[in-house]
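Encoded as structure tokens, the structure appears first; notes follow it.
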Amino acid sequence: MAIPFFQEIRIENTNSCGYKCMMCPRESLTRRIGYMSIDDFSLILERIGPYHGFFHLHGYGEPLLDRQLIVKVLKLKEKIPSSIKLIFTTLGVRVDEDYFGKLLDAGLDAIVVSMYGFTREEYKKIHGFDGFERVLHNLQLLSVALKRRPKFFATLKIPSQSIASSLPIHHTSLERNEFCQWARDLGLGIEEWSFVHNYGNGREYNVPNTQLKCPVINGKRRNVLNITWDMDVIPCCYDFNARIPFGNLRKQSLAEIFSSPEYLAFVIAHQTEDLSAYPVCQNCEKLDYF
């Protein structure tokens, strides 16, 4: 089988996280917690070869917990200078005052901050961690770094009003507006999460769509390469427990992985709509987006 044409590569530098966000099924995470080594990261870049798309340096964890993140960004910039490098983060990690400046100088192109709750109480309730004040401090540190890199993209992803029915969000419009204005004054963009996800079989927010085909097979997600911290290639980010490994980049090339029996079985299962061997997929919304 032909290797898919990747437009986005997601490298999970770690699956460790100190948060317990209610929309994230971390309580069901059973795979080993770890951090991708520099050697493994370098091997991935060799396996990938020529590439000019997006790199997400995060996975089912908090990327700022990886103390070698700056080194990895530097290596990626050196190996594939045309790549667009970004991370999703909570910012709820204690860092040095100049950390974000160093991260941007290393070559990071964008940072997206996931933030539910605009007061300390609401933030702690949703995220399961009393990190509101730390996040505010880190946003201020980030804003200082942004002044040195005006082309750097930084945005906050906040919950839309439509999510309120799925999550116990009780902030007032005034609290929301005041916070958003404060963030804009720091030079940050604001975007909304309009949808909470089932994370495969991790949550049950939405009725799974049985009419749609899996976008990993027939849609845009076919063009996204997902790699766990320990080098497994998995179908998508909703396989948070890495239950469906197609192969391992420490032992196999991409060509070997995408011609493996594991990948072929996954394709056939979705084409024949027999997902009995894939519980993760049975509860999926199958939305086709990046």
Side-chain angles (χ1 to χ4, degrees), residues 13 17-24 54-58 61-67 69-70 73 77 84-196 289-290:
N13 59 334
C17 185
Y19 277 44
K20 296 179 180 178
C21 303
M22 62 174 53
M23 55 280 186
C24 179
F54 286 84
F55 275 91
H56 285 213
L57 300 181
H58 62 89
E62 169 52 63
L64 296 186
L65 289 175
D66 180 8
R67 296 308 181 183
L69 178 60
I70 290 177
V73 173
K77 181 180 180 181
I84 301 171
K85 302 163 285 296
L86 62 97
I87 61 171
F88 276 67
T89 174
T90 63
L91 280 192
V93 178
R94 186 176 289 108
V95 296
D96 294 335
E97 296 285 309
D98 60 348
Y99 178 80
F100 295 110
K102 290 180 178 179
L103 190 58
L104 271 59
D105 289 343
L108 192 70
D109 296 297
I111 185 168
V112 181
V113 181
S114 180
M115 189 161 189
Y116 291 70
F118 309 119
T119 66
R120 181 177 179 179
E121 293 74 20
E122 281 292 295
Y123 188 92
K124 182 178 179 180
K125 179 175 64 177
I126 300 296
H127 289 286
F129 180 78
D130 188 9
F132 186 71
E133 298 300 329
R134 182 181 298 173
V135 172
L136 296 186
H137 177 67
N138 283 344
L139 287 171
Q140 291 173 317
L141 295 180
L142 178 60
S143 72
V144 173
L146 290 175
K147 295 175 182 177
R148 296 165 47 185
R149 288 277 303 278
K151 293 184 178 180
F152 185 86
F153 178 78
T155 188
L156 281 171
K157 294 280 282 189
I158 63 174
S160 67
Q161 298 294 347
S162 63
I163 290 181
S165 60
S166 300
L167 299 175
I169 297 174
H170 302 298
H171 57 256
T172 66
S173 295
L174 179 60
E175 290 167 338
R176 176 190 178 93
N177 293 339
E178 286 183 344
F179 176 83
C180 289
Q181 187 57 55
W182 176 81
R184 290 189 182 100
D185 290 343
L186 290 179
L188 303 170
I190 303 289
E191 295 181 0
E192 291 188 341
W193 293 115
S194 58
F195 195 79
V196 284
Y289 66 101
F290 284 107

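Because only heavy atoms are used, hydrogens play no part in the values below, and waters and symmetry mates are left out as well, while side chains stay in. Throughout, residue positions are numbered sequentially from 1 according to the sequence presented.
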Exercise. Run the side chain to side chain contact (heavy atoms under 4.5 Å, CB included) check on Trp182 and Leu188 step by step: do they pass?
Worked result: CA-CA 9 Å; Trp182 176 81; Leu188 303 170; 5.7 Å; no
* Asked: Quick one: does Glu62's side chain have a donor or acceptor within less than 3.5 Å of a partner on Thr90's backbone?
  -> yes
Taken in chain and number order and not counting sequence neighbours, the residues that satisfy ring pair (Phe, Tyr, Trp, His ring centres under 6.0 Å) with Phe132 are Tyr123
Side chain to side chain contact (heavy atoms under 4.5 Å, CB included) between Tyr116 and Met22, worked out:
CA-CA 10 Å; Tyr116 291 70; Met22 62 174 53; over 6 Å; no
**Asked** Side chains of Asn13 and Pro63: closer than 4.5 Å at any heavy-atom pair?
**Response** yes
Polar contact flag, side-chain donor to acceptor under 3.5 angstrom, Gln181-Asn177:
no
Discussion item. What verdict does the side chain to side chain contact (heavy atoms under 4.5 Å, CB included) test give for Phe129 and Val135, after you've listed the backbone C-alpha separation in whole Å, the side-chain angles of each residue and the deciding distance to 0.1 Å?
Written reply: CA-CA 11 Å; Phe129 180 78; Val135 172; over 6 Å; no
| request: Quick one: do Val73 and Ile87 satisfy side chain to side chain contact (heavy atoms under 4.5 Å, CB included)? Show the steps, please. | output: CA-CA 10 Å; Val73 173; Ile87 61 171; over 6 Å; no
Here the gap from Tyr99 atom OH to Asn138 atom CG, rounded to the nearest 0.5 Å, amounts to 10.0 Å
Phe152 meets the ring pair (Phe, Tyr, Trp, His ring centres under 6.0 Å) criterion, sequence neighbours left out, with none
Using side-chain heavy atoms (C-beta onward) and a distance below 4.5 Å, is Pro159 in contact with Leu167?
no
Taking every heavy atom of Glu192 against every heavy atom of Ser160, the minimum-distance pair comes out as OE1-CB, 3.3 Å
Between Asp105 and Lys77, the two heavy atoms sitting closest are O-NZ, 4.0 Å
Shortest non-hydrogen pair, Lys157 vs Trp193, comes out as CB-NE1, 3.2 Å
Requested in this report: On the 0 to 90° scale, with breaks at 30° and 60°, tag the Phe88-His58 ring pair as parallel, tilted or perpendicular.
Outcome: tilted
### Query
Is His171 reaching over with its side chain to a backbone N or O of Thr119, donor-acceptor style, under 3.5 angstrom?
no
query = Okay, side chain of Lys125, backbone of Pro168: is any donor-acceptor separation there less than 3.5 Å?
reply = yes
NE2 (His137) and CZ (Arg94) are apart, to the nearest 0.5 Å, by 9.5 Å
Between Glu122 and Ile169 (side chain of the first, backbone of the second, donor and acceptor by atom type, cut-off under 3.5 Å), is there such a pair?
no
Nearest heavy-atom approach of Cys17 to Gly61 is CB-CA, 4.2 Å
The reported gap from CG in Leu108 to CG in Leu69 (rounded to nearest 0.5 angstrom) is 7.0 Å
For this session: For Ser114 and Thr89, indicate whether the former's side chain and the latter's backbone hold a donor-acceptor pair under 3.5 Å.
Result: no
| Side chain proximity check, Asp96 to Lys102, heavy atoms < 4.5 angstrom | no
Taking every heavy atom of Leu65 against every heavy atom of Gly18, the minimum-distance pair comes out as CD1-N, 4.3 Å
The reported gap from CG in Leu146 to CZ in Phe153 (rounded to nearest 0.5 angstrom) is 11.0 Å
Rounded to the nearest 0.5 Å, the CZ atom of Phe55 sits from the CG atom of Asp109 at a distance of 11.5 Å
NZ of Lys147 to CG of Leu104, rounded to nearest 0.5 Å, is 14.0 Å
When every non-hydrogen atom of Leu142 is compared with those of Phe100, the smallest separation belongs to N-CD1, 3.9 Å
